[in-house]
Amino acid sequence: MARYGYDPSLSTGVICASGTLGQIVPPSVVLVVLADQLQLSVGDLFVGALIPGLLLAGSYAVYVLVIAFLKPSLAPAIP
């Protein structure tokens with residue numbers, strides 16, 4: 001992203017946000033370990049994490065799209 005001229009704060013935020021989503025969006029190893037420790041069904045945790053995970057991913061995508069639309073210098077088009 002730095003090579004293509006993206007703003008460092010925007011690219012760092014996108015990387016950090018996507019890294020945290022890996023813990024909640026199924027299939028997630030964290031959910032499997034949590035299900036084992038809490039003695040719950042892995043499938044139930046996957047179902048419970050699906051909607052919030054998709055909402056968070058969608059929110060992040062919309063945020064970045066709005067920022068890129070309002071300030072094109074922060075996220076220039078890739079050649």
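By convention here, the first residue in the shown sequence is residue 1. Keep in mind the model is a prediction, meaning the values are calculated, not measured.
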Enquirer: Could you pull out all residues at least two apart from V62 that satisfy side chain to side chain contact (heavy atoms under 4.5 Å, CB included)?
Expert: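 For V62 the side chain to side chain contact (heavy atoms under 4.5 Å, CB included) partners, ignoring immediate neighbours, are V66.
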Enquirer: Show which residues join V14 in its hydrophobic cluster (side-chain heavy-atom contacts under 4.5 Å, direct or indirect), or state none.
Expert: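 Under the 4.5 Å side-chain rule, V14 groups with L10, Y63, V64, I67, L74.
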Enquirer: By the rule that ILVMFWY residues connect when side-chain heavy atoms come within less than 4.5 angstrom, directly or transitively, which residues belong alongside Y60?
Expert: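 L21, I24, V25, L56, which link up through side-chain heavy atoms under 4.5 Å apart, make up the rest of the cluster.
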Enquirer: At their closest point, which heavy atom of P76 faces which heavy atom of S73, and how far apart are they?
Expert: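 Reported closest heavy-atom pair: CD-O, 3.9 Å.
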Enquirer: What pairs with L34 under side chain to side chain contact (heavy atoms under 4.5 Å, CB included), at least two apart in sequence or on another chain?
Expert: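 Per chain and number, L34 pairs via side chain to side chain contact (heavy atoms under 4.5 Å, CB included) with L38, L45.
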Enquirer: Could you work out, with side chain to side chain contact (heavy atoms under 4.5 Å, CB included) as the rule, every residue matching V47, not counting sequence neighbours?
Expert: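 Applying side chain to side chain contact (heavy atoms under 4.5 Å, CB included) to V47 gives none.
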Enquirer: Tell me which pairs pass side-chain hydrogen bond (donor to acceptor under 3.5 Å, both in side chains) where either residue lies in residues 4-14, with sequence neighbours left out.
Expert: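 Pairs touching residues 4-14 that pass the test: D7-S9.
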Enquirer: Taking side-chain hydrogen bond (donor to acceptor under 3.5 Å, both in side chains) as the cut-off, I'd like each qualifying pair that reaches into residues 21-42, sequence neighbours left out, listed once.
Expert: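 Sorted result for residues 21-42: empty, none.
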